[in-house]
There are 2 protein chains.
Amino acid sequence: MTTLSLTDLDETDRAILRALAADATLSAGALGRRLGLSQPAAWRRIKRLQEAGVIKGRRLVLDHERLGFGVTVFLGVKLATKGRVSLEDFERAVTAIPEVQTVEHILGLYDYRLRVVARDISDFERVLRRRIMTLPGVGDVEANVLLSEERRPGPL
Amino acid sequence: MTTLSLTDLDETDRAILRALAADATLSAGALGRRLGLSQPAAWRRIKRLQEAGVIKGRRLVLDHERLGFGVTVFLGVKLATKGRVSLEDFERAVTAIPEVQTVEHILGLYDYRLRVVARDISDFERVLRRRIMTLPGVGDVEANVLLSEERRPGPL
DNA sequence: CTTGAAAAGAACTGCCT
DNA sequence: AGGCAGTTCTTTTCAAG
């Protein structure tokens, strides 16, 4: 496992990550052609990046609107009671809510940021009142409705 | 294109999405075995979901820490000047910053939420001062350092 | 690192229930 | 809709330069 070696990725590794980050569907052969490598060479590099843990996996990108979840809301949550037990209780309870897609523990005015999806605004109200506000230790809550979102490749 | 398909996904489609959302590596054959379908049957459903636009693509999940970006910060940004041109100017400029991974236009106290990665805190300070604060129309900025994050499958 | 080749498996197609 | 059988392509592994 801890063959953890590398912060030493060369420029070719970075190019592979850039290409795959945009489209994880690319085959080793197609990648090699694009970068001037043979198929086995590209394949070995990809495998190396996976085993080093740099590539953690591949996930589907779903269109939640088409799945009937037209509303995405970010919630900032401040805990009324802090301390180790409160954090653990809150995290356990919040991860059991299906509408919660992401739980981020952050440093700042709020303790947690939640990404919540709902079918529509009234469905969101239901989730907020019956699920979120009843979580253990919840204090202040701030809501932000997502209007649009753009993801970028990130630095490499 | 507009083979507009439907909000009518049956339970099998949902099971496919649940499985693939966790691991997009699964082959149609493996998926079929898991659900009691033949390989072509599973394959046809996956293809249908892709053509319907429910599945938008497959993305790599990278470990940014191992890539040397140990710090993730969320920035709430309030624009000083609003209006159509200001929003477009801001969005164009902000998407050109490599450290910015996500740009979310939101409704609430702040106008945008940015997800920013940096090598360390002093690298983040550089990005903040030289890149973010110099963006056109930037007013208030609030920063939240990410401590930990958990992603969940979401409702289905 | 390359090329070449072989085995396994996945993707795709057509036909039939 | 689903299954079966077959073809084609890629992935994956290995040998050798």
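We name chains A, B, ... by the order of the sequence lines, and we start the count at 1 in each one.
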> Are R44(B) and dC12(C) close enough that a side-chain N or O sits under 4.0 Å from OP1 or OP2?
Replying inline: no
> Hey, where does DNA chain D pair up into stems, meaning at least three consecutive Watson-Crick or G-U pairs with distances under 3.5 Å?
Replying inline: C:1-6 with D:12-17, C:8-17 with D:1-10
>> I want to verify a distance call: between dT3(C), dT13(C), dG3(D), whose nearest atom is closest to the A41(B) side chain?
In response: dG3(D)
>> Are L17(B) and L67(A) packed together at the side-chain level, in the sense that at least one heavy-atom pair is separated by less than 4.5 angstrom?
In response: yes
>> Can you measure R45(B) atom CZ to dA1(D) atom C1' for me and round it to whole angstrom units?
In response: 8 Å
> For DNA chain D, whose closest nucleotide is more 5', that of Q39(B) or that of T12(B)?
Replying inline: T12(B)
>> At 4.0 Å (heavy atoms only), tell me whether A30(B) reaches a base, stays on the sugar-phosphate, or touches nothing.
In response: nothing
>> Rounded to whole Å, please give me the gap between CG in D10(B) and P in dG2(D).
In response: 7 Å
>> Would R119(B) pass as a cation-pi partner of F69(B), given that its NZ or CZ must be under 6.0 Å from the six-membered ring centre and within 45 degrees of the axis?
In response: yes
>> For a quick test of reading the model: is some side-chain N or O of W43(A) closer than 4.0 Å to OP1 or OP2 of dT12(D)?
In response: yes
>> Among residues at least two apart in sequence or on other chains, which ones pass side-chain hydrogen bond (donor to acceptor under 3.5 Å, both in side chains) with R152(A)?
In response: none
>> Using a strict threshold of under 4.0 Å (side-chain N to carboxylate O), is an ion pair present between R18(A) and E11(A)?
In response: yes
>> What's the closest nucleotide to the side chain of R33(B) if the choices are dC12(C), dA10(C), dG2(D)?
In response: dA10(C)
> OP1 or OP2 of dT10(D) sitting under 4.0 Å from any side-chain N/O of S27(A)?
Replying inline: no
> Would you say dT2(C) has OP1 or OP2 under 4.0 Å from some side-chain N or O of S38(A)?
Replying inline: yes
> Relative to the ring of Y112(B), is the ring of F90(B) parallel (under 30°), tilted (30 to 60°) or perpendicular (over 60°)?
Replying inline: tilted
> Do D111(B) and L87(B) come within less than 4.5 Å of each other through their side chains, counting heavy atoms only?
Replying inline: no
> Can you tell me how far P of dT10(D) sits from CD1 of I46(A), to the nearest Å?
Replying inline: 14 Å
